[in-house]
Amino acid sequence: MTQDMITLEFDRIIDQLQQCAVSQAAKERLAETAPVLNEGLCAARMEETTAAFRVMDGAGLPPLAEMDGLEECLDEAVRGGMLLPAQLSGVARFCTTIRRMRRYLENARQFSAGIASWCTEFPDLSGAEEEIERSVREDSILDDASPVLRDLRRRRERAEQEIREKLNRILLRHRASLADSYITQRGGCYVVPVQKRFQSTFPGRAVESSARGNTVFMEPSAVRDTRQVLEGLMVDIDAEERRILWCLSDRVASEEDAFRGAIRVMTDLDALFARAKLSDRMKARPVSITAERRIRLVQARHPLLDRDSCVPLDLAFSAPDTGIAVTGPNTGGKTVCLKTVGLLTMMAQSGLHIPCGEGTEIGMMDRVLCDIGDSQSISQNLSTFSGHMTNVIRILKECSRDSLVLLDELGSGTDPAEGSGIAAAVLEELLRRGCFFMVTTHDPQIKQWAEQTEHVVSARMAFDRVSLMPLYRLEMGLSGESCAIEIARRLGMDEGLLCRARQVADHGPEAKEDGKNRRRPMRVPGSRLQRVERTEKGDFEHFHMGDSVALLPGHKTAIVYQPADEEGNVIIQLQGKKITVRHNRLQLLVPASELYPPDYDFSIIFDTVANRKAAHTISRRYDADAVVVLKEGRPDDDRKKSD
């Protein structure tokens, strides 16, 4: 899958095609679908798809087989391995599908003799089918697989019945010794639950005990001989079943060539009818394929767009004309036009029907090369223009006379004058080579070049100026305008900006706004950005005495003793000690105004009892022994060092 195919979404068409197949083998084959370069083979593929569609339309869906795991079963049988019943049942179902498919193809003869002829490609595997179905079904081997197996299984049933009858009689006879009245199996033996205290008196052998040890599961002596006979029968049955499976596996291995041929034919038909199913899903039709130099699309639709809303495309050009320059408004469908032409060309050359009208004709191309969409790549250090130019250079290296080149907005993404020059040079080179090319552009110089250049046809995407809506209709022989201002108005751009845009477009950016046509400025919304307030030295939050604060980063709660000085140092009381810290290490929790009344005596918090008594004494009378000790807070860093 080339990059051009992916750009044109051919890979999505292949995905849909694979979904129409039944078997995994057909899906893998369809994944390799690609345009055919041989004219005869291409026409034959298209006719095969058409014939399959007629057969499916007249006879219904074919009974195709899934074939999952069938080849692995065949390989195992050929190596001498033994196939299990489920695997053999899958082989039998495949044989049944072959028989039904042959009948389907015979009934399809009235719609297509070519498709009906596939009937002869299928081998006759009815013998293997009957033998397998007589012997196995799903995951079991049938009694009728052999007379010996039927006899052994009947003898086994009689032995099992005899054991059950004997055990039922023992349940009645030894009811008092039993922990419960039921029969079960332990260690391949039929046993009954016996109470632990009756183990020694019960006629039989202990096989297993319960988890608590109160119950012993014992095999009665009366059934031991019959059980041994039953075990011998089980060994014989297993040997006979394995013999049957070996024989059936050998039968499958002996039909190896027939089975492999049938798988191949079934895969071919599955892939063929998948193309017909895709045609039905897309409401597509066959088209004429030619190696002559012409393309004619009638009511063509892009297959990945909604059928009801997609505007059909009509396009026709042929030699000696080789190029089309498509102009028109943004969102007008120019890119979809290019993709439609490229994708339908690849589909038709791959033998697929395309959604179009009668009279459509596709000229074969040796390559479909395109530069469509944003080619910007951060990983490859490519700007939009660099990405486009890298793609264009690749296209010029690969393009031959029989190629189809699709270029979207050639020369955009750079200086307009230089972009126009590059675009003109590229288009002149494509014209010299004589290949078919389509280019979309808004560049007036490229429009003028297309109008004045021989063998290049101008085209435009129609635009309704009344409703300001694109019509998505290609009009050949005409050049269109970008209608950017009208589209911007429809999308809601400010009318004042549009007036200025028209003025600049008509008279150039040097045109000045006059008083009459001066536009009213647009409303500027307020900023929603939340900035951190920057403060100058000394301009910081000044805490108040008594404020409850958190000391960062530990978030320890403290009380402000002294507000910040000029340098931003605050004295706080933390756990009974006064320390000095920077203001930016404090976070206000509760202001003092909310914690204390206006006339609150903060000495109760910050002073010692002795200081308060001395202060009280001094306020009343002179006392030489009364001493008030004042302590300022030490810086926090110095305090830590002293600690």
Side-chain angles (χ1 to χ4, degrees), residues 376 378 488 491-500 513 518-643:
Q376 185 177 22
I378 296 176
L491 295 176
M493 180 172 280
D494 179 74
E495 194 63 35
L497 293 181
L498 294 174
C499 290
R500 176 58 179 165
E513 294 181 289
R518 184 175 300 276
R519 61 187 177 91
R520 186 174 61 183
M522 293 181 63
R523 184 184 69 85
V524 181
S527 175
R528 295 177 294 277
L529 185 64
Q530 298 179 0
R531 292 182 171 85
V532 175
E533 294 185 4
R534 307 296 180 185
T535 58
E536 300 295 334
K537 183 177 179 180
D539 184 13
F540 40 74
E541 182 175 3
H542 292 273
F543 297 96
H544 300 86
M545 176 182 285
D547 287 348
S548 176
V549 294
L551 178 61
L552 305 177
H555 287 84
K556 294 181 179 179
T557 303
I559 300 295
V560 174
Y561 173 63
Q562 214 173 75
D565 58 18
E566 293 182 356
E567 296 182 354
N569 297 316
V570 181
I571 300 177
I572 63 172
Q573 180 166 295
L574 176 67
Q575 298 176 351
K577 297 181 180 180
K578 296 180 177 61
I579 60 174
T580 301
V581 297
R582 294 291 298 168
H583 69 92
N584 54 7
R585 291 187 58 199
L586 300 179
Q587 179 181 351
L588 180 63
L589 298 179
V590 183
S593 59
E594 297 181 11
L595 291 173
Y596 314 103
D599 57 349
Y600 186 75
D601 183 7
F602 285 104
S603 65
I604 298 174
I605 300 175
F606 299 117
D607 280 353
T608 63
V609 175
N611 267 7
R612 292 178 61 200
K613 287 183 177 180
H616 181 67
T617 300
I618 291 174
S619 65
R620 293 175 56 195
R621 59 182 172 81
Y622 172 76
D623 187 345
D625 295 326
V627 179
V628 176
V629 180
L630 298 178
K631 283 187 177 181
E632 297 296 334
R634 288 184 298 168
D636 192 31
D637 292 341
D638 294 342
R639 183 175 64 87
K640 289 182 179 178
K641 291 177 182 178
S642 65
D643 291 342

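Numbers for residues simply follow the sequence, beginning at 1.
Minimum heavy-atom separation, Thr557 to Leu574: O-CD1, 3.4 Å. The nearest pair of heavy atoms linking Ile559 to Ser548 is CD1-CA, 4.1 Å. Across every non-hydrogen atom of Met545 and Tyr561, the tightest pair is CE-O, 3.0 Å. Summarising the geometry of Gln562 relative to Val570, their closest heavy-atom pair is O-CG1, 3.3 Å, with the distance given to 0.1 Å. Of all heavy-atom pairs between Ile572 and Val581, the closest is CD1-CG2, 4.2 Å. Of all the heavy atoms in Leu552 and His555, the pair that sits closest is CD2-NE2, 3.4 Å.
The CZ atom of Arg585 sits 11.5 Å away from atom CG of Asn569, with the distance rounded to the nearest 0.5 Å.
In this structure, the side chain of Asp547 does not engage the main chain of Pro591 through any donor-acceptor pair within 3.5 Å.
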